[in-house]
Structures are given as C-alpha cells and as structure tokens.
Amino acid sequence: MKTANDIFTWVFQSGAVIWLFYFALAIAKPWVDGKIKHAKTAQQRETWTLLEQVAMTTVNSLVSSNKSGSQKFLEASDQVQSYLADHGIHIDMKTVQSAVQAAYEKSPLMLTDPTPISGHEPVGSEGKVGTDGTAVAIDPKEAD
C-alpha cells in the first residue's frame, strides 16, 4: 500500500498529471473539432432542407391567389423568411428568394409545353432525334 501511495504522490509532485492531461487534450481536440464540424454541416443541411420544404409549401399555397407573379414571389419570399425567423433560423433574403425561385421551377404547377416551336426540331448530337421528339444522347461507342 505504501508503494501505491508513493507512486501516487510522485505522479502529482513530478507534474506527470499535467503532462497526461495535456497529452489527452492534444489527442481529443482534433476529434472534438471534427465532431463540431460534422454537427454544423448536418445542421446546415437540415436548415437547407427545411428552407426548400417551406418554400415549396408557400409557393403551392399562393397558386390560387389573384396576384401577379412578382407579387406572389415577394409574398412567398417574405412568408418563408418570417417563418424561418420565427423558428430561430436567420437566412438572408437573396438565399430565400433563390429557394422560392427553385421551388417554383420544381413545382408541377409551372407551365411547360413539350411541343417544339414551329419550324424548330429538338436536335441532339449529329442531328439525331428520338421517336418521342427528344434529342438522342451521345453513344460513347460511336464517339471517335
């Protein structure tokens, strides 16, 4: 028992405890920093997903309103930003507007006309057109 006490006393008096603490901190710091960085990245990814979902919901809710497109866009942007601010997420207006624009472009409500303009055919590589009127992809086996 006296030997254990002597070893314990020597460890404290020699400064080995401080060295061990410093060594443990030096090893743990990069690991902790990596965990913090991962958590921030995951939080940013979830924030962006929430922004996209809120923007899509807001765009879909404003479809039936009797307003011009620019008024709907500004209202949707304001609604999205205020919703996120109410939940403690602060995003600048340009990013919100980008998300609203992307939500509009992704929405099935956007009018698209698959028929080509008269006199213009959709053309792929070397003028190949598929049977459905779309451009044919390049075949890597045929490429020179």
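Note that the structure is predicted; figures quoted are calculated from it, not measured. Values below: every heavy atom of this structure, side chains too, minus hydrogens, waters and symmetry copies.
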**Asked** Does the side chain of V100 reach to within under 4.5 Å of the side chain of T58, using non-hydrogen atoms?
**Response**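 With C-beta onward as the side chain, the pair stays apart.
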**Request:** For Q71 and S68, indicate whether the former's side chain and the latter's backbone hold a donor-acceptor pair under 3.5 Å.
**Result:**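 Indeed, once roles are kept as given, a pair shorter than 3.5 Å links the two residues.
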**Request:** Tell me, please, which residues at least two apart from T95 pass side-chain hydrogen bond (donor to acceptor under 3.5 Å, both in side chains).
**Result:**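 T95 satisfies side-chain hydrogen bond (donor to acceptor under 3.5 Å, both in side chains) with D92 only.
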**Message:** Using 0.5 Å steps for rounding, measure from the CE atom of M56 to the OH atom of Y104.
**Reply:**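 So the CE of M56 and the OH of Y104 are separated by 12.0 Å.
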**Inter-residue atom distance L50.CG - E46.CD, 0.5 Å rounding** =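 Between atom CG of L50 and atom CD of E46 there are 9.0 Å.
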**Message:** Please tell me whether F8 and L20 are part of a single hydrophobic cluster in this structure, the criterion being side-chain heavy atoms less than 4.5 Å apart.
**Reply:**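 Looking at the clustering, L20 is in a separate group from F8.
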**Item:** Which atom of V59 lies closest to which atom of A103, heavy atoms considered
**Value:**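 Minimum heavy-atom separation between V59 and A103: CG2-CB, 4.0 Å.
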**Request:** For S77 and V96, work out which heavy atoms get closest and say how close.
**Result:**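 It is O-CG1, 3.4 Å.
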**Request:** Write out all pairs satisfying ring-ring contact (aromatic ring centres under 6.0 Å, His included) with one or both partners inside residues 35-62, taking only residues at least two apart or from two chains.
**Result:**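 Non-adjacent pairs meeting ring-ring contact (aromatic ring centres under 6.0 Å, His included): zero.
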**Message:** Run F73 and Q97 through side-chain contact (heavy atoms from CB on, under 4.5 Å) and show every step you take.
**Reply:** CA-CA 8 Å; F73 178 75; Q97 288 175 342; 3.6 Å; yes
If you look only at distance, which donor and acceptor atoms sit under 3.5 Å apart when one is on a side chain in residues 81-91 and the other is two or more places apart or in another chain?
unit_1 : atom_1 : unit_2 : atom_2 : d
Q81    : NE2    : I91    : O      : 2.8
S82    : OG     : D78    : O      : 3.2
S82    : OG     : Q79    : O      : 3.0
H87    : ND1    : Y83    : O      : 2.9

**Asked** Tell me, which pairs form a salt bridge (charged side-chain N to carboxylate O under 4.0 Å, His left out) where one or both residues lie in residues 4-26, sequence neighbours left out?
**Response**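 Salt bridge (charged side-chain N to carboxylate O under 4.0 Å, His left out) check on residues 4-26 returns K2-D6.
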**Item:** salt bridge (charged side-chain N to carboxylate O under 4.0 Å, His left out) pairs, two or more places apart, involving residues 56-67
**Value:**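 Non-adjacent pairs meeting salt bridge (charged side-chain N to carboxylate O under 4.0 Å, His left out): K67-E75.
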Mind listing the side-chain donor-acceptor pairs of residues 21-33 below 3.5 Å, one per line with the distance, residues two or more places apart or on another chain?
unit_1 : atom_1 : unit_2 : atom_2 : d
K29    : NZ     : D33    : OD2    : 3.2

